[in-house]
Amino acid sequence: MSKPMAQSPVFTEDDYYQLPENIRAELIDGQFYNMSTPSRMHQKILSSLHATIYNYIQSKKVPCEIYPAPFAIKLFANNKTVVEPDISVICHPTKLTDRGCSGAPDWIIEITSPGNPRHDYIRKLNL
């Protein structure tokens, strides 16, 4: 008789919110994926995009809000996927909670890392 293979634990939204503040990770299909600290250039791009989009939203007086990472997006009702896009724009206030956004944002921006753009791209596509 063969021995059963060990299975990885399946984590949930509750586990995500219990991570220490100094740990950056996303929860995708019940598995944690560590996130590295963004570079200075990444943050410079993020700041510029955030300011431009924020100013546009304000000038149009639309009910949208913009949030830079870290900002939790709970994509599905199954509680096993919580991601943190670099920039999230939410135009439906009913999606906003004290913890972030419940459901898909209206627009996200992900700034890929020059050293590992394939990983960033694939990680986001697997949602």
Side-chain angles (χ1 to χ4, degrees):
M1 178 173 260
S2 64
K3 187 175 178 180
M5 294 179 62
Q7 294 184 351
S8 298
V10 176
F11 298 99
T12 67
E13 175 186 10
D14 291 335
D15 299 309
Y16 171 85
Y17 287 112
Q18 291 177 24
L19 289 174
E21 283 190 33
N22 64 334
I23 302 294
R24 293 196 66 227
E26 291 183 316
L27 178 65
I28 301 173
D29 293 329
Q31 298 301 305
F32 280 113
Y33 293 85
N34 290 326
M35 299 170 63
S36 60
T37 302
S39 69
R40 182 186 64 81
M41 185 55 67
H42 177 280
Q43 293 303 89
K44 186 174 180 176
I45 293 167
L46 180 122
S47 295
S48 177
L49 287 170
H50 182 273
T52 301
I53 296 165
Y54 175 84
N55 289 334
Y56 179 81
I57 288 171
Q58 293 300 306
S59 74
K60 296 298 179 184
K61 299 186 184 330
V62 293
C64 301
E65 295 188 34
I66 181 172
Y67 296 93
F71 183 73
I73 305 293
K74 178 183 150 191
L75 285 177
F76 308 111
N78 69 11
N79 294 334
K80 293 184 178 81
T81 299
V82 181
V83 295
E84 295 182 6
D86 288 319
I87 295 176
S88 300
V89 177
I90 297 99
C91 298
H92 297 89
T94 57
K95 290 183 178 182
L96 294 170
T97 69
D98 288 341
R99 289 186 156 178
C101 178
S102 185
D106 295 278
W107 184 26
I108 64 163
I109 295 174
E110 184 65 27
I111 302 164
T112 59
S113 307
N116 204 1
R118 180 165 161 62
H119 176 267
D120 285 345
Y121 178 72
I122 289 172
R123 181 169 53 94
K124 294 303 178 192
L125 281 181
N126 286 333
L127 300 177

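All values reported here derive from a predicted model rather than from experimental measurement.
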Exercise. If Ile, Leu, Val, Met, Phe, Trp and Tyr residues are connected whenever their side-chain heavy atoms lie under 4.5 Å apart, and connections chain through other members, are Ile109 and Val62 in the same group?
Worked result: yes
Problem set entry | Distance (rounded to the nearest 0.5 Å) between Asp15 CG and Leu27 CG | 7.5 Å
Problem set entry | Between Tyr16 and Glu84: side-chain donor-acceptor atoms closer than 3.5 Å | yes
Problem set entry | Side-chain (Asn79) to main-chain (Glu13) donor-acceptor, under 3.5 angstrom | no
Problem set entry | Spacing of Ile45 atom CD1 and Arg40 atom CZ [to the nearest 0.5 Å] | 10.0 Å
Problem set entry | Single-linkage hydrophobic cluster Tyr56~Trp107, side-chain heavy atoms < 4.5 angstrom | no
Seminar exercise, completed: Heavy-atom closest pair (Ile73 atom, Gly103 atom, distance to 0.1 Å) is CG2-O, 3.6 Å
Exercise. Which atom names give the shortest non-hydrogen contact between Ala25 and Asn34, and what distance separates them?
Worked result: CB-OD1, 4.1 Å
Exercise. Can you check whether Lys44's main-chain N or O pairs, donor with acceptor, with Ser48's side chain at less than 3.5 Å?
Worked result: no
For this session: Output yes when a side-chain donor or acceptor of Ser88 lies under 3.5 Å from a complementary backbone atom of Ile108, and no otherwise.
Result: no
Exercise. Is there side-chain contact between Val10 and Lys80, with heavy atoms separated by less than 4.5 Å?
Worked result: yes
For this session: Output the distance between atom CG (Leu96) and atom OG (Ser102), rounded to the nearest 0.5 Å.
Result: 10.0 Å
For this session: Check step by step if side chain to side chain contact (heavy atoms under 4.5 Å, CB included) holds for His50 and Ile66.
Result: CA-CA 7 Å; His50 182 273; Ile66 181 172; 3.7 Å; yes
For this session: State, to 0.1 Å, how close Asp86 and Leu46 come at their nearest heavy-atom pair, and which atoms those are.
Result: O-CD1, 3.2 Å
Exercise. Considering residues, nucleotides and ligands other than Tyr54, do more than 12 of their heavy atoms fall under 6.0 Å from its OH?
Worked result: no
Seminar exercise, completed: Distance col, row Phe32:CZ vs Arg24:CZ, nearest 0.5 angstrom, shows 14.0 Å
Exercise. Taking all non-hydrogen atoms of both residues, which atom of Asn78 and which atom of Thr81 are closest, and how far apart?
Worked result: OD1-N, 4.0 Å
For this session: Specify the closest pair of heavy atoms between Glu110 and Pro85, including all atoms of both residues, with the distance to one decimal.
Result: OE1-CA, 3.5 Å
Exercise. Could you walk me through whether Cys101 and Lys74 pass the side chain to side chain contact (heavy atoms under 4.5 Å, CB included) check?
Worked result: CA-CA 6 Å; Cys101 178; Lys74 178 183 150 191; over 6 Å; no
For this session: Check the pair Arg99, Tyr17 against side chain to side chain contact (heavy atoms under 4.5 Å, CB included), reporting the backbone distance first and the verdict last.
Result: CA-CA 9 Å; Arg99 289 186 156 178; Tyr17 287 112; 3.1 Å; yes
Problem set entry | Inter-residue atom distance Ile90.CD1 - Asp106.CG, 0.5 Å rounding | 7.5 Å
Exercise. Can you name the closest pair of heavy atoms from Val89 and Cys64 and give their distance?
Worked result: CG1-CB, 4.1 Å
Seminar exercise, completed: Rounding to 0.5 Å, atoms CD (Gln43) and OG1 (Thr37) come to a distance of 9.5 Å
